[in-house]
Amino acid sequence: MNHWLFKSEPEEFSIDMLKQVRREPWGGVRNYQARNYMRDGMQPGDLAFFYHSNCAEPGIVGICSIAGAAKADMSQFDPASDYFDPASKPEAPRWLCVDVAYKRKLRRPITLARLQDHAAQLGDFALTRRGNRLSVLPVTQAQWDYILALE
DNA sequence: GCCAACGTTGGC
DNA sequence: GCCAACGTTGGC
């Protein structure tokens with residue numbers, strides 16, 4: 001089983017919204033590396049941190065699971081969507097997404113500042129790499145265990 | 001294939 | 001709002 005981290009701006013889609021709908025296709029990813037993690041790396045049952053970005057206190061706020069194999073992200077075919085991609089054809093979708101399912105909220109968020117305080121113990125962590133902008137990224141088993149122990 | 005220009009991300 | 005860092009685009 002692999003571990004992941006999904007970033008989301010809470011004003012767009014928060015952990016509370018996922019809690020309400022229980023399950024949601026993780027659409028709108030328009031970065032090839034992030035897409036490849038979803039397409040090639042994820043398996044149903046994998047666990048992922050839910051991270052709030054671009055907000056007053058960025059950090060990990062909950063846990064979700066991968067609920068299905070990657071499939072076409074339908075927003076790429078919708079001209080009215082912000083994520084519309086006119087170059088992508090239904091017979092060869094360029095963008096994929098997995099379904100994520102709500103597991104739980106953390107008792108309290110693990111802030112980015114706190115994660116940075118533990119940079120030495122976390123080692124090479126995709127989230128805190130300089131200049132990182134990936135919205136879907138891998139977490140090692142060791143990082144996962146260490147971070148959860150910070151809760 | 002190079003690389004400048006541009007748009008986006010996301011912390012601060 | 002600022003701006004560093006990055007990915008993508010497109011001219012050449």
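What's counted below: heavy atoms across the whole structure, side chains too, no hydrogens, waters or symmetry copies. Lettering follows sequence order; numbering is per chain, from 1.
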Worksheet item: Which is the 5'-most and which the 3'-most nucleotide of DNA chain B that has an atom under 4.0 Å from a heavy atom of chain A?
Response: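 Range of nucleotides within reach of chain A: B:dG7 to B:dC12.
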Discussion item. Would you say the ring centers of A:F49 and A:W4 fall short of 6.0 Å from each other?
Written reply: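 Distance test on ring centres: not under 6.0 Å, no.
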Sequence neighbours excluded - salt bridge (charged side-chain N to carboxylate O under 4.0 Å, His left out) pairs with any residue from [range]:
{"range": "residues 34-50 of chain A", "value": "none"}
{"range": "residues 80-89 of chain A", "value": "A:D85-A:R94"}
{"range": "residues 106-122 of chain A", "value": "A:R107-A:E151"}

Going by number, which of [range] have a non-hydrogen atom under 4.0 Å from DNA chain B?
{"range": "residues 49-62 of chain A", "answer": "A:Y51, A:S53, A:N54, A:P58"}
{"range": "residues 24-40 of chain A", "answer": "none"}
{"range": "residues 85-93 of chain A", "answer": "none"}
{"range": "residues 106-122 of chain A", "answer": "A:L112, A:Q116"}

Discussion item. Within the 4.0 Å heavy-atom criterion, would you say A:L127 contacts the bases, only the backbone, or no part of the nucleic acid?
Written reply: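 Touches nothing.
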Going from [atom1] on [X] to [atom2] on [Y], what distance comes out if it is rounded to the nearest 0.5 angstrom?
{"X": "A:I66", "Y": "A:N2", "atom1": "CD1", "atom2": "CG", "answer": "10.0 Å"}
{"X": "A:L137", "Y": "A:L5", "atom1": "CG", "atom2": "CG", "answer": "5.0 Å"}
{"X": "A:L127", "Y": "A:K7", "atom1": "CG", "atom2": "NZ", "answer": "6.0 Å"}

Worksheet item: Checking A:H52 side chain against A:I15 main chain: does a donor-acceptor pair fall under 3.5 Å?
Response: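 Answer holds: yes.
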Discussion item. Can you work out whether A:R94 or A:N132 has the more 5'-proximal nearest nucleotide on DNA chain C?
Written reply: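 Looking at DNA chain C, the more 5' nearest nucleotide goes with A:N132.
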Worksheet entry | Hydrophobic cluster (4.5 angstrom, side-chain heavy atoms) - remaining members for A:W95 |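 Once heavy-atom contacts under 4.5 Å are chained together, A:W95 belongs with A:Y32.
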Worksheet item: Hey, are A:R30 and A:S75 close enough side-chain-wise for a donor-acceptor pair under 3.5 Å?
Response: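 On atom types as modelled, these side chains qualify, holding a pair under 3.5 Å.
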Discussion item. Could you tell me if A:Q76 and A:S88 have a donor-acceptor pair between their side chains, going purely by distance under 3.5 Å?
Written reply: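 Per modelled atom types, A:S88 and A:Q76 side chains form a pair under 3.5 Å.
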Discussion item. Can you list everything that forms a side chain to side chain contact (heavy atoms under 4.5 Å, CB included) with A:A67? Sequence neighbours excluded, please.
Written reply: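 Result, side chain to side chain contact (heavy atoms under 4.5 Å, CB included) vs A:A67: A:R23, A:D99, A:A101.
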Worksheet item: Who pairs with A:E57 by side chain to side chain contact (heavy atoms under 4.5 Å, CB included), at least two apart in sequence or on another chain?
Response: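 A:E57 satisfies side chain to side chain contact (heavy atoms under 4.5 Å, CB included) with A:T111 once adjacent residues are dropped.
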Fill in: Stepwise side-chain contact (heavy atoms from CB on, under 4.5 Å) test for A:F50 and A:I60
CA-CA 6 Å; A:F50 195 109; A:I60 296 167; over 6 Å; no
Discussion item. Among residues at least two apart in sequence or on other chains, which ones pass side-chain hydrogen bond (donor to acceptor under 3.5 Å, both in side chains) with A:D16?
Written reply: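 So A:D16 forms a side-chain hydrogen bond (donor to acceptor under 3.5 Å, both in side chains) with A:K105.
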